[in-house]
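Note that the structure is a prediction, hence the values are computed from the model and not measured. As a basis for the values below, the full set of heavy atoms in this structure was taken, side chains included, without hydrogen atoms, waters or symmetry mates. Order of appearance sets the numbers: ligands from 1, and atoms from 1 within every ligand.
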Amino acid sequence: MSRARKIAHQWLAADEAMGAEDVPIARRANTGVGGKEVGIKTPVVVRAESETQLSAIRRFETGRPVEIKRTAEPAIRAPRPEVVRVVPVPEAALPPVPPGAISEEPQLTRAEKSERLAALADEAHQVLAAYLSDVATRVVFGEGDPGAQLMFIGEGPGLEEDRTGRPFVGRAGQLLDKMIVAMGFTRERVYIGNICKLRAASWDDLAQRLKDRPPTAAEAAKGLPWLHQQIAIIQPRVIVTLGLPAIRYLVGVTENMGALRGHWHEYRGIAVMPTYHPAYLLRAYSPENRGKVWSDLQAVVKRLKELDGSSG
Ligand code: URA
């Protein structure tokens, strides 16, 4: 393996170990990998139930490799900016997970769920208003079908989400939308939420701008009580967590993403599948990473079908 290729691989591995939080694209473009993506193309068999689903699958799963164009600019020589590491969460810092299985919570009709979520959102807006700042200007509560069987949980809103008050509407959100359609759903039929309801960002000296970052345990602790209540109301059958902070803060696991993804976890009796964050996928859009996410999502679809079958 050439040295440049080895370095590219090491970066990908480091991203993965840290929850894939921050790799400036310009640097990766200068890895000298010959302007081509690295990775192995694995053949995939896909089934689609509609033209829209088929084209989403094509774009997401079998889309042509991203061409990384070499720029005329010289390689960036400045030291790599510090990546915010998500350290194992001391349990005491986080609010406890409510006891008992979700199935023991009161069974609600769709209308009741909708009403309760609206009341909870009002309360969250009032309480969290105390923490609004120049960085987090809005509470981003979450959105989707109150009776959803499938729920996606990210780490917290970024710049676009803070501007609009809606979860996953930036570039990562657009990729998430494609993933959802490829699974045979639409954004309206699932529920999309976050651990944190407020944007977390810090000033980046190198980029000379505020950069979104993973939430700290203290920030997660502010958002989790709302998320626990959202899940208790929605009572999804399966949860997909996106990125390392989401699975760590929801379930309390401490392994890295490479070890966690592709395996089932549990939250109050609900099956939880962790997978890579779409923002990571955008930065490391290799056939290998897309294949891993697609296989996680297919496992979710299969599980939902099984649960459907078992409930008659
Ligand atoms: N990333 C997240 O984790 N959540 C969002 O809502 C947007 C980006």
(message) For the backbone of A136 and the side chain of D162, can you confirm whether one donor and one acceptor N or O come within less than 3.5 Å of each other?
(response) no
(message) With respect to N194, determine whether any N or O atom, backbone or side chain, lies less than 3.5 Å from an N or O atom of ligand 1.
(response) yes
(request) Test the K222-Y131 pair against the cation-pi criterion, namely NZ or CZ under 6.0 angstrom from the six-membered ring centroid and within 45° of the ring axis. (result) yes
(request) For the pair R138 (side chain) and R163 (backbone), establish whether a donor and an acceptor sit closer than 3.5 Å, ignoring hydrogens and angles. (result) yes
(message) Please report the interatomic distance CD1(I180) to CD1(I192), rounded to the nearest 0.5 Å.
(response) 4.0 Å
(request) Before signing off on this row, confirm whether P157 and ligand 1 have an N or O atom pair separated by under 3.5 Å. (result) no
(message) Below a 4.0 angstrom heavy-atom separation, can you tell me which part of E155, side chain or backbone, both or neither, approaches ligand 1?
(response) both
(request) Examine P167 against ligand 1 and note whether any of their N/O atoms are separated by less than 3.5 Å. (result) no
(request) Assess whether atom CZ of R116 is packed by more than 12 heavy atoms of other residues, nucleotides or ligands within 6.0 Å. (result) no
(message) Under 4.0 Å, heavy-atom basis, I'd like to know which part of H277 is in contact with ligand 1: side chain, backbone, both or neither.
(response) side chain
(request) Determine whether more than 12 heavy atoms belonging to other residues, nucleotides or ligands lie under 6.0 Å from atom CD of E306. (result) yes
(message) Which option wins on minimum heavy-atom distance to atom 2 (C) of ligand 1: G156, G142, P215, G170?
(response) G156
(message) Need the ligand 1 atom indices (1-based, order shown) with element for anything under 4.0 Å from a heavy-atom of G154.
(response) 3 (O)
